[in-house]
Amino acid sequence: MTELPKVLLVGGPDVDARLDLMRRLADSFNVGALGSSESLGDRFLAEGFEYGSYFLSRTTNPFLDLITVLQVLVKLRRCKPQIVHTFDSKPGVWVRVAARLAGVPIIIGTLPGLGSLYASNSLLTRIIRRVYETLQMIACRMSDLTVFQNYDDADQFIAAGVVSKEKTAVVLGSGVASDLYTQERVTEAERDRVRRELGVRSDSTVVSMVG
């Protein structure tokens, strides 16, 4: 029997948001995950997927970032994936660097969005943006593909020379399984309970937003 190619999805503390993607890939690949939260191990184990954690600092600290690169490098050399696909900003830089140093054959990075760093044009923001683009340029050049979630971000990085057009792809949005939120999936008793907790009358319309 032919051994399935090994794919490792790498993100931050919420890498379990990729579980649905992992289930879809499981028929064709040997899928595992690497995240910055130690507490996710049981959840991945229950789904039948291998999981490992690594150190990731939320601050800007070159020494701590070096620890991340070295730790991920060791883990990648041990598990020897054929494909590494990173998500989120910091893993998208340092994990892709570590993957190239580890000799991973195929490296992919998804950028979830450029956000407020490109919404302001203050002097401080421009300086931070320059550093960010330099780091992303290094990571993109070490990658086989960089995935964006909208065309504006892709065009921004291509125009700035951060990544070549030939190495980009656009997959619109993160994707929301909207059927999870249909009224039929929630019992009337559950709706009443939540309304009571929120102090919302039964005849009031409730609107929620994720931002």
Side-chain angles (χ1 to χ4, degrees), residues 5-26 28-41 43-44 47 49-60 64-65 67-69 71-73 75-76 79 81-102 104-118 132-133 135-154 156-158 162-163 167-177 180 210-211:
K6 189 167 189 176
V7 177
L8 191 65
L9 304 185
V10 188
D14 59 349
V15 69
D16 55 323
R18 313 296 168 184
L19 271 168
D20 185 59
L21 173 61
M22 294 174 70
R23 296 185 196 103
R24 295 168 185 264
L25 294 173
S28 302
F29 299 94
N30 175 10
V31 192
L34 194 61
S36 60
S37 174
E38 295 181 0
S39 63
L40 294 176
R43 183 172 186 192
F44 280 93
E47 294 275 354
F49 297 117
E50 290 185 11
Y51 175 77
S53 62
Y54 67 99
F55 171 79
L56 181 68
S57 170
R58 304 288 292 183
T59 63
T60 302
L64 297 179
D65 292 337
I67 292 176
T68 295
V69 172
Q71 193 176 98
V72 173
L73 174 61
K75 290 179 179 291
L76 293 180
C79 69
Q82 281 75 51
I83 302 172
V84 164
H85 189 164
T86 69
F87 301 87
D88 303 328
S89 296
K90 289 195 79 171
V93 172
W94 302 123
V95 174
R96 284 196 279 175
V97 170
R100 182 55 67 203
L101 294 175
V104 176
I106 300 174
I107 303 170
I108 303 170
T110 291
L111 296 181
L114 303 184
S116 60
L117 198 57
Y118 289 80
Y132 174 75
E133 288 184 349
L135 292 173
Q136 287 292 347
M137 183 185 300
I138 294 170
C140 289
R141 290 182 177 178
M142 291 185 174
S143 305
D144 299 278
L145 183 68
T146 298
V147 180
F148 296 88
Q149 295 188 315
N150 63 74
Y151 289 101
D152 288 341
D153 288 354
Q156 174 81 33
F157 265 34
I158 292 170
V162 176
V163 63
K167 285 190 171 185
T168 65
V170 176
V171 178
L172 297 175
S174 298
V176 175
L180 295 176
V210 178

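None of the values given here were measured: they were computed from a predicted structure.
- Between F157 and F148, the angle of the ring planes goes over 60°, which puts this pair in the perpendicular group of the 30/60° scheme.
- Distance check: N30 CG to L8 CG gives 10.0 Å after rounding to the nearest 0.5 Å.
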Original post:
Passes side-chain contact (heavy atoms from CB on, under 4.5 Å), C140 versus K167? Steps please.
Top reply: CA-CA 8 Å; C140 289; K167 285 190 171 185; over 6 Å; no

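- With contacts defined as side-chain heavy-atom distances shorter than 4.5 Å, the pair L19/R43 qualifies.
- Rounding to the nearest 0.5 angstrom, the gap separating the CG atom in D16 from the CG atom in L40 is 4.5 Å.
- Looking only at distances, no side-chain donor or acceptor of Q82 sits under 3.5 Å from a matching main-chain atom of P5.
- Put simply, the side chain of I158 reaches to within 4.5 Å of the side chain of V163, judged on heavy atoms.
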Check: residues 83-93 side-chain donor-acceptor pairs under 3.5 Å, at least two apart:
from	atom 1	to	atom 2	distance (Å)
H85	NE2	T110	OG1	2.7
D88	OD2	G12	N	3.2
K90	NZ	S57	O	2.8
K90	NZ	T59	O	2.8
K90	NZ	D65	OD1	2.8

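- Residues P112 and Q149 share a closest heavy-atom pair of O-OE1, 2.9 Å.
- The distance from atom CG of L9 to atom CD1 of I108, rounded to the nearest 0.5 Å, is 9.5 Å.
- Contact detail for Y51 and L34: the closest heavy-atom pair is CE1-C, 4.1 Å.
- Looking at residues two or more places apart in sequence or on another chain, you find a side chain to side chain donor-acceptor pair (under 3.5 Å) between Q136 and R96, Y132.
- No side-chain heavy atom of I106 sits under 4.5 Å from any side-chain heavy atom of V104.
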**OP:** Check the pair R100 / D144 against side-chain contact (heavy atoms from CB on, under 4.5 Å), numbers first and verdict last.
**Re:** CA-CA 10 Å; R100 182 55 67 203; D144 299 278; 3.7 Å; yes

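- Atom OG1 of residue T168 and atom CG of residue D153 lie 11.5 Å apart, to the nearest 0.5 angstrom.
- To the nearest 0.5 Å, atom CZ of residue R18 and atom CZ of residue F49 are 14.5 Å apart.
- Under the rule for a salt bridge (Lys or Arg N to Asp or Glu O under 4.0 Å), R141 has no partner lying at least two apart in sequence or in another chain.
- The neighbour count for R24 CZ, taken as heavy atoms of other residues, nucleotides or ligands under 6.0 Å away, does not exceed 12.
- Proximity of S36 to R58: side-chain heavy atoms (C-beta onward) are nowhere separated by under 4.5 Å.
- With rounding to the nearest 0.5 angstrom, the CH2 atom of W94 is 12.5 Å from the CD1 atom of I67.
- Scored by the salt bridge (Lys or Arg N to Asp or Glu O under 4.0 Å) test, E38 finds no partners at all (sequence neighbours excluded).
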Original post:
Going through the distances and angles, do V97 and V95 end up as a side-chain contact (heavy atoms from CB on, under 4.5 Å)?
Top reply: CA-CA 5 Å; V97 170; V95 174; over 6 Å; no

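- L172 is listed as a side-chain neighbour of Y151, based on a closest heavy-atom distance under 4.5 Å.
- Qualifying side chain to side chain donor-acceptor pair (under 3.5 Å) partners for S37, counting only residues two or more places apart in sequence or in other chains: S39.
- Atom CD of E50 has 12 or fewer neighbouring heavy atoms from other residues, nucleotides or ligands inside a 6.0 Å radius.
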Original post:
Should F44 and V15 be marked as a side-chain contact (heavy atoms from CB on, under 4.5 Å) after you check the CA-CA gap, both sets of side-chain angles, and the distance that decides it?
Top reply: CA-CA 10 Å; F44 280 93; V15 69; 4.0 Å; yes

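- Checked by atom type and distance alone, the side chain of T146 never pairs as donor or acceptor with a backbone atom of G109 at under 3.5 Å.
- Applying the salt bridge (Lys or Arg N to Asp or Glu O under 4.0 Å) test to residues at least two apart or on different chains, none of the pairs has a partner in residues 28-37.
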